[in-house]
Amino acid sequence: MLDIQLLRNQPDLVAAGLARRGIAIDLAPFEVLEAERKAVQTQTQEMQAKRNALSKQIGMLKGRQAKGEDVAAEIDRLMTEVAGLGDALKANEEKLAVLLAELDAFVSRLPNLPHESVPEGRDETANLEVSRWGAPPAFDFAPKDHVDLGEGLGGLDFERAVKIAGSRFTLMKGGIARLHRALAQFMLDTHTREHGYTEVYAPYLVNPDSMFGTGQLPKFEEDLFRVERSDGTRLYLIPTAEVPVTNIVRGEILEVDQLPLKFVCHTPCFRSEAGSYGKDTRGMIRQHQFDKVELVQIVAPETSWQALEELTGHAEAILRKLGLPYRKVALCAGDMGFSAAKTYDLEVWLPAQNTYREISSCSNFEAFQARRMQTRCREKGGKPRPVHTLNGSGLAVGRTLVAVLENYQQADGSIVVPEVLRPYLGGQERLTA
RNA sequence: GGAAGCGUGGCAGAGUGGUUGAAUGCACCGGUCUUGAAAACCGGCAACGUCGCAAGGCGUUCGUGAGUUCGAAUCUCACCGCUUCCGCCA
């Protein structure tokens with residue numbers, strides 16, 4: 001959520017920021033609404049103050065009456081006076097509530113403003129490559145894609161996944177299922193042992209407040225899987241561990257010297273992929289369910305930009321240890337997600353596609369999520385102020401599996417296990433049919 | 001699923017319709033004293049919103065939402081959560 005004070009005081013700055021995202025916004029309706037709010041709120045509060053003062057007087061008189069003084073007439077007079085406020089006050093309060101809800105609905109749907117360092121551009125073609133690591137492997141044979149490799153090894157079975165659940169689901173077996181698990185554990189171990197993160201296990205179903213807090217609601221409900229309960233309430237399947245883990249601190253005031261909080265969490269992620277029909281239909285690149293190891297940081301506001309560089313580095317460390325070639329890309333303003341102030345994508349080399357594909361997305365949200373969650377920090381003696389939040393994939397496990405299969409494939413269709421994973425596979429050096 | 005109880009400020013814990021945004025203690029901050037520290041003593045210390053150049057004023061908030069009332073932490077209803085006992089169970 002943007003700071004509503006910023007909208008009031010510097011609407012041009014907000015409009016300019018949103019324009020960088022390709023959003024032409026007319027703030028005139030907001031300003032009309034805001035003027036009305038101001039008038040109604042001021043009036044309402046004056047009436048409330050009057051009511052409170054009169055009620056207080058009645059209370060005092062009742063006290064004197066109890067001691068035997070004859071003040072009944074005075075009490076009657078005040079009761080009549082305060083009764084005159086009744087309906088008008090109630091009408092004003094209701095009107096104010098409607099106005100505040102409208103303002104809130106408007107502001108809740110505005111995305112974050114891009115940081116000044118974010119490249120200009122409307123879509124992914126304007127994203128800026130920041131760096132590259134590793135060289136794509138040279139094959140003296142035609143490399144297969146992960147679908148052919150996995151099926152050849154008897155470890156990927158998309159036909160049966162369709163039978164069980166439908167399209168965009170994966171069934172893994174044997175060595176590939178094990179490799180998948182090894183990847184997740186390797187990532188968790190690296191982040192906890194080497195990067196200072198605390199491992200977290202969190203709910204896979206969350207309430208609407210949590211989805212609002214990180215910015216998935218109210219605007220992107222169609223991207224989520226929803227679970228209706230018999231009592232009429234609903235839960236949502238998490239599209240990323242970002243949601244439950246960031247919401248750990250929702251509604252809390254943290255001591256600034258407890259920060260940063262660094263969490264790592266391995267969960268399945270569930271996405272409806274509405275609107276991506278026909279995109280990446282082959283293989284396990286784009287699934288309704290996939291595993292991801294997520295890094296989340298809750299930091300003091302001054303430190304978030306340094307934290308973004310560090311967090312991105314933590315994700316990069318996994319790719320390097322696995323020996324997977326990748327590049328780091330700064331997303332342009334028009335390609336960033338709703339809540340982000342800046343995002344780096346890490347893209348891994350996929351030989352079969354002869355290109356780099358997203359495997360991690362690392363973002364600084366500044367105070368955008370913190371304002372939605374009402375998460376603040378306080379310095380000794382100071383006023384609470386919103387924290388900054390960050391997160392990044394470290395990494396998407398399914399896509400990492402794809403990258404390992406494709407980059408480590410051999411001419412005979414077997415897969416060499418990257419050295420760092422061998423301890424997790426009982427020393428196994430190669431996956432064969 | 002059955003029964004009972006409980007949700008108050010960073011924590012503990014008073015408060016059952018009227019100058020209560022809330023006693024008291026702890027924690028925390030500032031000061032006095034002390035060579036220094038501790039102890040003792042004095043003072044301060046909720047959040048959010050809003051008006052205002054500011055000083056400051058006003059409003060809202062005692063799990064959440066609705067209701068009764070001139071007035072609600074206190075009364076009513078619903079919901080959420082927690083505790084204990086019984087039952088069931090991975």
Side-chain angles (χ1 to χ4, degrees), chain A residues 1-9 30-31 33-69 71-108 201 203-213 227-235 247-259 261 367 370-387:
Chain A
M1 191 128 68
L2 295 178
D3 185 354
I4 194 159
Q5 300 297 349
L6 195 66
L7 269 127
R8 285 176 189 151
N9 302 330
F30 168 79
E31 282 164 18
L33 210 56
E34 178 53 23
E36 198 179 352
R37 184 230 102 223
K38 191 166 177 170
V40 174
Q41 183 159 18
T42 306
Q43 198 184 4
T44 305
Q45 292 191 353
E46 277 170 11
M47 292 167 87
Q48 286 170 329
K50 188 172 180 189
R51 179 204 59 200
N52 290 348
L54 291 172
S55 291
K56 208 171 243 186
Q57 283 184 45
I58 293 171
M60 285 189 279
L61 289 170
K62 290 259 187 181
R64 284 163 60 185
Q65 194 175 41
K67 288 181 196 157
E69 288 189 47
V71 289
E74 183 69 0
I75 290 174
D76 274 356
R77 192 185 67 73
L78 290 175
M79 296 266 261
T80 311
E81 192 177 348
V82 80
L85 282 171
D87 288 347
L89 175 57
K90 194 162 192 176
N92 259 352
E93 283 176 338
E94 281 165 8
K95 195 171 170 189
L96 179 63
V98 170
L99 285 168
L100 289 175
E102 283 175 10
L103 281 166
D104 196 53
F106 177 80
V107 179
S108 297
Y201 173 89
Y204 302 161
L205 288 159
V206 301
N207 59 34
D209 283 348
S210 293
M211 284 297 183
F212 180 85
V227 179
E228 304 283 348
R229 290 195 284 195
S230 52
D231 64 2
T233 62
R234 59 180 55 157
L235 294 171
N247 275 280
I248 289 173
V249 295
R250 190 176 76 228
E252 297 191 18
I253 299 178
L254 310 163
E255 296 299 329
V256 77
D257 53 19
Q258 297 174 337
L259 302 177
L261 300 175
R371 262 184 239 108
R372 293 176 153 251
M373 296 192 299
Q374 294 185 63
T375 302
R376 291 152 290 178
C377 64
R378 167 160 43 203
E379 241 142 338
K380 284 204 191 336
K383 277 270 162 197
R385 55 206 175 112
V387 297

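Here is how names work: the chains are called A, B, and so on, in the same order as the sequence lines, proteins then strands, and each is numbered from 1. Every heavy atom of this structure was used, including side-chain atoms; hydrogens, water molecules and symmetry mates were not. Computed from a prediction, not measured in an experiment: that's the story for all the values here.
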Search all heavy atoms of A/Val387 against all heavy atoms of A/Ala370 and return the closest pair with its distance.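 Heavy atoms only, the tightest pair is O-CB, 3.1 Å.
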
For A/Glu93 and A/Lys90, run salt bridge (Lys or Arg N to Asp or Glu O under 4.0 Å): C-alpha distance rounded to whole Å, both residues' side-chain angles, the deciding distance at 0.1 Å, then the answer. CA-CA 5 Å; A/Glu93 283 176 338; A/Lys90 194 162 192 176; over 6 Å; no

Does a side-chain N or O of [X] approach OP1 or OP2 of [N] to a distance below 4.0 Å, or not?
{"X": "A/Asn52", "N": "B/rU60", "result": "yes"}
{"X": "A/Arg8", "N": "B/rU50", "result": "yes"}
{"X": "A/Arg51", "N": "B/rG18", "result": "no"}
{"X": "A/Gln5", "N": "B/rU50", "result": "yes"}
{"X": "A/Arg378", "N": "B/rA47", "result": "yes"}
{"X": "A/Arg376", "N": "B/rC48", "result": "yes"}
{"X": "A/Lys38", "N": "B/rG52", "result": "yes"}

Is [N] paired to anything, Watson-Crick or G-U wobble with both distances less than 3.5 Å, and if yes, which nucleotide?
{"N": "B/rA39", "result": "none"}
{"N": "B/rA14", "result": "none"}
{"N": "B/rC85", "result": "B/rG2"}
{"N": "B/rG21", "result": "none"}
{"N": "B/rG7", "result": "B/rC80"}
{"N": "B/rG56", "result": "B/rC51"}
{"N": "B/rU69", "result": "none"}
{"N": "B/rA46", "result": "B/rU61"}

A/Lys90 or A/Ala53: which one's nearest nucleotide on RNA chain B is closer to the 5' end?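 Residue closer to the 5' terminus by nearest nucleotide: A/Ala53.
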
Starting at the 5' end of RNA chain B and moving along, which residue's nearest nucleotide shows up first, A/Lys50 or A/Met79?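 Looking at RNA chain B, the more 5' nearest nucleotide goes with A/Lys50.
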
Which value, in whole Å, describes the distance between the [atom1] atoms of nucleotides [N] and [M]?
{"N": "B/rG30", "M": "B/rC45", "atom1": "P", "value": "15 Å"}
{"N": "B/rC70", "M": "B/rC82", "atom1": "P", "value": "38 Å"}
{"N": "B/rG52", "M": "B/rG7", "atom1": "C1'", "value": "38 Å"}
{"N": "B/rU8", "M": "B/rU64", "atom1": "C1'", "value": "15 Å"}
{"N": "B/rA47", "M": "B/rG10", "atom1": "P", "value": "8 Å"}
{"N": "B/rG25", "M": "B/rA46", "atom1": "P", "value": "16 Å"}
{"N": "B/rU50", "M": "B/rG67", "atom1": "C1'", "value": "27 Å"}
{"N": "B/rC42", "M": "B/rC53", "atom1": "P", "value": "41 Å"}

Distance check needed: [N] [atom2] versus [X] [atom1], whole Å only.
{"X": "A/Arg250", "N": "B/rA47", "atom1": "CZ", "atom2": "P", "value": "21 Å"}
{"X": "A/Met60", "N": "B/rU19", "atom1": "CE", "atom2": "C1'", "value": "5 Å"}
{"X": "A/Glu46", "N": "B/rC58", "atom1": "CD", "atom2": "P", "value": "12 Å"}
{"X": "A/Leu54", "N": "B/rC70", "atom1": "CG", "atom2": "P", "value": "13 Å"}
{"X": "A/Asn9", "N": "B/rU50", "atom1": "CG", "atom2": "C1'", "value": "13 Å"}
{"X": "A/Leu61", "N": "B/rG71", "atom1": "CG", "atom2": "P", "value": "16 Å"}
{"X": "A/Leu254", "N": "B/rA46", "atom1": "CG", "atom2": "P", "value": "19 Å"}
{"X": "A/Asp257", "N": "B/rG10", "atom1": "CG", "atom2": "P", "value": "16 Å"}

Record whether the side chain of A/Gln45 comes under 3.5 Å of the base of B/rG49 through a donor-acceptor pair of N or O atoms.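 Per atom types, the contact qualifies.
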
Check whether the side chains of A/Asn207 and A/Ser210 place a donor and an acceptor atom closer than 3.5 Å, and report yes or no.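 Indeed, the side chains of A/Asn207 and A/Ser210 share at least one donor-acceptor pair under 3.5 Å.
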
Looking at side-chain heavy atoms only, is the closest gap between [X] and [Y] below 4.5 Å?
{"X": "A/Pro386", "Y": "A/Met373", "value": "no"}
{"X": "A/Asn247", "Y": "A/Val206", "value": "no"}
{"X": "A/Ile4", "Y": "A/Leu6", "value": "no"}

Return yes when atom CD of A/Glu74 has more than 12 non-hydrogen atoms of other residues, nucleotides or ligands closer than 6.0 Å, and no otherwise.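 More than 12 heavy atoms, drawn from other residues, nucleotides or ligands, come within 6.0 Å of this atom.
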
Rounded distance (nearest 0.5 Å) linking atom NZ of A/Lys56 with atom CG of A/Leu78: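 CG of A/Leu78 is found 14.5 Å from NZ of A/Lys56.
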
What contact category does A/Arg37 fall into here, base, sugar-phosphate, or nothing, at under 4.0 angstrom with non-hydrogen atoms?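 A/Arg37: backbone/sugar contact only, no base atoms under 4.0 Å.
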
Taking any heavy-atom pair under 4.0 Å as a contact, classify A/Lys56: base, sugar-phosphate, or nothing.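 Here A/Lys56 touches the backbone only, sparing every base.
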
